[in-house]
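Right, one structure below, let's go through it.
Naming: A, B, ... by sequence-line order, numbering from 1 per chain.
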Amino acid sequence: VIVADNRARGHGAGLAVYNGPLLQLTDAVVRDNLNMQGLVPSSSTSACHADIGGGLTGFSGGIHSSFNARTEISSSAIIRNTASDGGGMSVFGGAGSVLTMVNDTVSANSAGAQAGGILLSGVNADLRFNTIARNRCGFDSLNSLQFMLGGGISIGSGALSAFGNVMAANEIQGNSGLTFSQDCHIDPSVVVGGHGFNLIGVGGRDCIALGNPRRAP
Amino acid sequence: LIGGANSQALNPRLGTLTPVDLGARDQVLVPQTAIDQFNPASPAIDAYPLTADLPAGAPICPTWDQRSFLRPATGHCDLGAVELEGLPDPDQDGIPSPLDTAPLILSDDFTDTGLFGITSGTIVDRGQQFVVVADAPSLQDGVVVTALPGGGSVAAQIRACNSTVQVALLAGQSTTITCPEAAHSCLFASQALTIQDRSDAMADFFGGSFSFGFDMVASGNGFSSGTGS
């Protein structure tokens, strides 16, 4: 399955699924979907440099899963999508909502404010052996650090288990050129369960608990 | 594996996405091998612990990576969605393409004739096991059959060497089969291995070690490795 080159104003330019029992993607490519209005950034330059003037309209350029009981994404590529928050994908849920991601590549996505790659809220997320790299966020936030969170992944609430992932080379880049590395933002309210053996590019306050301070034997 | 502050961010040393419109199995960031002292190998390579070393609650790595390449059954897995040294197994039958004689029909047959060997066999019944077949390392002839950890209680049944060898594997067990000498080495003493010799006699072995020769009806009380013809 390839979901590509879609444009939307709202949630989930590529794919949006609400209130269902299951959203399941395997061997899928979700790429080059754009959730914004106004200027479309050139494909040859990062969306971080586009002067879009607040034109972003909603969550997720690629996939938006909202209050589905289960969201399962495996062996898929979520790449080069753009949105206001959750450039690659966003998953929102309530009690019992589960997200499982295994063997996925989430890369080259951009968000105006937070979560260049993945935005999660209220779900029990189980991330295993994913590569979440080279995503960017913050290009439309007027350099307010309050809203520039999670170059790779931002988790506002819920629970997280993470093993064997690469979360690295993600950036926050403001529209004045301010750039720094941040791979993940995890709100203190998030319940961090089983974790370890993740490659984290920047061991900041939010991410450090997920990695492992020594190389595996 | 954690980087330091912003200025010391850990470089994952990954390749780039392909610009062409390919499927999900091609849209990956491959960890890079070392080029020189200034361009070391990706720290993601072989960084996941061996199964025996995993702490409680940590999962074993998936059988395949995003590209449907087999991850190592007994070695270190790479972090992330790509197993750099994995072998392609597009039909996900656990048999890598070089050994898979009929990949389009999800065959359970395997042979290493394409890798200079003469060993062949069939996964007769996978039982409740995740069976992986690979060419035997360091052997010109031979195939390693492994039931990955995590399988159920029903053993996988493997037949090889013109049905002169029958092997039952439970989760976590592995055997090396080489047909020319009907030689077998089992890595786990608890493994049940049945060998049918040329007198059609059957023998079961559990633990210990033995060897037997032509037409010998082996009644040994143990097995961990042996050769026969």
Pairwise side-chain contact, R128(A) with P62(B), heavy-atom cut-off 4.5 Å (strictly under):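 In short, these two side chains do not touch, never coming nearer than 4.5 Å.
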Could you state the interatomic distance from [atom1] ([X]) to [atom2] ([Y]), rounded to the nearest 0.5 Å?
X	Y	atom1	atom2	value
L17(B)	R31(A)	CG	CZ	11.5 Å
L54(B)	F197(A)	CG	CZ	6.5 Å
S75(A)	Q92(B)	OG	CD	6.5 Å
T131(A)	L14(B)	OG1	CG	6.5 Å
L79(B)	M167(A)	CG	CE	11.0 Å

Residues F129(A), Y48(B); criterion ring-ring contact (aromatic ring centres under 6.0 Å, His included); working and verdict: CA-CA 10 Å; F129(A) 293 89; Y48(B) 203 70; 4.8 Å; yes
Candidates T105(A), N103(A), D27(A) - the one meeting side-chain hydrogen bond (donor to acceptor under 3.5 Å, both in side chains) with Q66(B):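 For Q66(B), the side-chain hydrogen bond (donor to acceptor under 3.5 Å, both in side chains) check succeeds only for T105(A).
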Among the listed options G194(A), A168(A), S76(A), the residue most often paired with chain B at heavy-atom distances under 4.5 Å: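 Ranked by contacts with chain B, first place is S76(A).
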Option that, when pairs with chain A are counted at under 4.5 Å, heavy atom only, ranks first among G57(B), C61(B), P31(B):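 Of the candidates given, the most pairs with chain A belong to C61(B).
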Part of D26(B) lying under 4.5 Å from any heavy atom of chain A: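 For D26(B), there is no contact with chain A at all, as no heavy atom is under 4.5 Å.
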